Amino acid sequence: MRPHPRRGASAVLAASALLLVSACGGAPGRERPTDGGSRPEATRDAANGPTNGTPQVKPLTREQTKAAVLTAGDLPSGWKVMGDASDAFGPGLLQIGTTEKTPCQPLLDAFVGRSNGPKPAAHAMTELVQGGDAGSMLVNGVTSYRESDAVKIMRGTLDVDACESFSGKLGDDRKADFTAERLDVPRTGDESRAVRVTVAETANEASMQHDIAAARVGATIVTVVRTSFSTADSSSFEDALGKVVEKVKKTEKAARAGKAS
């Protein structure tokens, strides 16, 4: 991430913040969409977003996105929140790096970090750590858009097959080598996708595993990134994704109830 680079082990951990990339399949027994995403049957035909006859879901507000991000109480013991939830957002702010290999750039853009991407209505991000600098980090983002924009972002084309291995630069121009592979996560929300990206800095031997998942809940995109120096525990990563999806659903339900009353 460009604006606030960190040093040492925590710098590598923080570099994955909101790396919203996706390229994985759906539940067992279902045909995998050709673009590598996981979509409920009811949404696969709406490739360009909600139809004209479908009312758009109202985006969450700034306060609502902050209320929906993960807290230490949402996770097993041992996780700690690193500061207050942030609502900072801007072109390139959430971009992990760049590459001259064009098909692979979306893997580093983090979708919501695209410089020319749709502007969100509201955004919140929080970082949680387990085991200190040498442990693991969870970065959770809740970003709300017009529903049609959220659908298009989730369904952007990603070519993991062409990006099994590629080179580029991290946000502060450090050279790095990247690898990517598909990652299956339980289907959640209206649609969900995931990928595993490994980042190895050229200047040292540090190699970080990033398990990255995104889910759409109406007009909101939820992202969870689990970053570790070693193979990360997939169960806590998947549980975190499911937890924040449920928090967004409850926030939306409360907002509708308040409006109705």
Side-chain angles (χ1 to χ4, degrees), residues 1-4 6 10 13-22 56-75 79-96 109-115 117-130 136-147 149-151 153-154 171 188-194 210-227 236-237 239-256 258-259:
M1 292 171 60
R2 289 183 175 135
H4 306 291
R6 303 181 187 182
S10 57
L13 283 167
S16 68
L18 287 188
L19 182 56
L20 166 56
V21 291
S22 358
Q56 295 246 336
V57 176
K58 187 177 180 180
L60 297 181
T61 65
R62 174 183 174 184
E63 291 73 19
Q64 289 168 336
T65 58
K66 283 192 171 184
V69 294
L70 291 171
T71 66
D74 295 320
L75 301 172
W79 286 95
K80 297 180 180 180
V81 176
M82 295 178 63
D84 297 330
S86 169
D87 60 2
F89 197 95
L93 180 63
L94 304 178
Q95 189 180 63
I96 193 174
D109 283 342
F111 275 33
V112 294
R114 283 176 49 200
S115 297
K119 183 178 180 180
H123 165 76
M125 181 186 92
T126 189
E127 299 178 2
L128 303 98
V129 294
Q130 181 187 56
S136 300
M137 173 181 279
L138 267 180
V139 179
N140 168 220
V142 176
T143 311
S144 195
Y145 298 87
R146 292 190 310 165
E147 187 177 9
D149 285 340
V151 170
I153 289 170
M154 280 295 295
T188 186
D190 295 311
E191 53 190 323
S192 54
R193 310 173 73 180
H210 308 283
D211 287 349
I212 307 140
R216 182 177 64 85
V217 182
T220 300
I221 292 180
V222 165
T223 63
V224 173
V225 182
R226 171 72 183 254
T227 302
S236 61
F237 165 69
D239 289 346
L241 179 64
K243 175 70 73 172
V244 72
V245 165
E246 289 305 312
K247 292 186 74 170
V248 170
K249 288 180 178 179
K250 289 179 180 178
T251 300
E252 289 187 343
K253 184 177 180 180
R256 290 194 298 268
K259 185 177 181 180

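What you see is a predicted model; the values in this text were computed from it and never measured.
Here the side chain of Ser144 pairs a donor or acceptor atom with the backbone of Leu60 at under 3.5 angstrom. In terms of modelled atom types and a separation under 3.5 Å, the side chain of Asp211 and the main chain of Arg226 share no donor-acceptor contact. Put simply, the side chain of Thr223 gets close to the backbone of Gly141: a donor and an acceptor are under 3.5 Å apart. Put simply, the side chain of Asp190 gets close to the backbone of Gly218: a donor and an acceptor are under 3.5 Å apart. Proximity of a side-chain donor or acceptor of Asp74 to a complementary backbone N or O of Thr71 within less than 3.5 Å is detected.
Remark: Leu70 CG to Leu241 CG distance equals 9.0 Å, nearest 0.5 Å. Note that OG1 of Thr220 and NZ of Lys58 are 12.5 Å apart. Values are rounded to the nearest 0.5 Å.
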Discussion item. One pair to check against side chain to side chain contact (heavy atoms under 4.5 Å, CB included): Val222 and Asn140. What are the steps and the verdict?
Written reply: CA-CA 7 Å; Val222 165; Asn140 168 220; 4.2 Å; yes
Item to complete: List the steps, then state whether side chain to side chain contact (heavy atoms under 4.5 Å, CB included) holds for Glu127 with Met137.
Response: CA-CA 7 Å; Glu127 299 178 2; Met137 173 181 279; 3.8 Å; yes
Fill in: Derivation of the side chain to side chain contact (heavy atoms under 4.5 Å, CB included) call for Leu75 and Leu128
CA-CA 10 Å; Leu75 301 172; Leu128 303 98; 3.7 Å; yes
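Between Val224 and Leu138, the closest side-chain pair of non-hydrogen atoms falls below 4.5 Å. The side-chain heavy atoms of Thr65 and His123, taken from C-beta on, include no pair separated by under 4.5 Å. The shortest distance between side-chain heavy atoms of Thr227 and Val139 does not fall below 4.5 Å. Taking the side chain as every heavy atom from C-beta outward, Lys66 and Arg62 approach each other to under 4.5 Å. You'll find the side chain of Ser136 stays beyond 4.5 Å of the side chain of Val129, heavy atoms only.
Among all heavy-atom pairs drawn from Ala219 and Arg146, the shortest one is CB-C, 4.2 Å. The shortest heavy-atom contact between Val81 and Ala72 is CG2-N, 3.6 Å. Taking all atoms of both residues into account, the shortest heavy-atom contact from Gln64 to Thr251 is CB-CG2, 3.7 Å. Nearest heavy-atom pair, Tyr145 versus Lys119, reported as atom, atom and distance to 0.1 Å: CD2-O, 3.8 Å.
None of Thr126, Val217, Val142 except one satisfies the side-chain contact (heavy atoms from CB on, under 4.5 Å) rule with Val244; the exception is Val142.
Glu246 and Lys243 are not joined by a salt bridge, as no carboxylate oxygen comes within less than 4.0 angstrom of a charged side-chain nitrogen. Between Arg216 and Glu147, at least one side-chain N (NZ, or NE/NH1/NH2) sits under 4.0 Å from a carboxylate O, which counts as a salt bridge.
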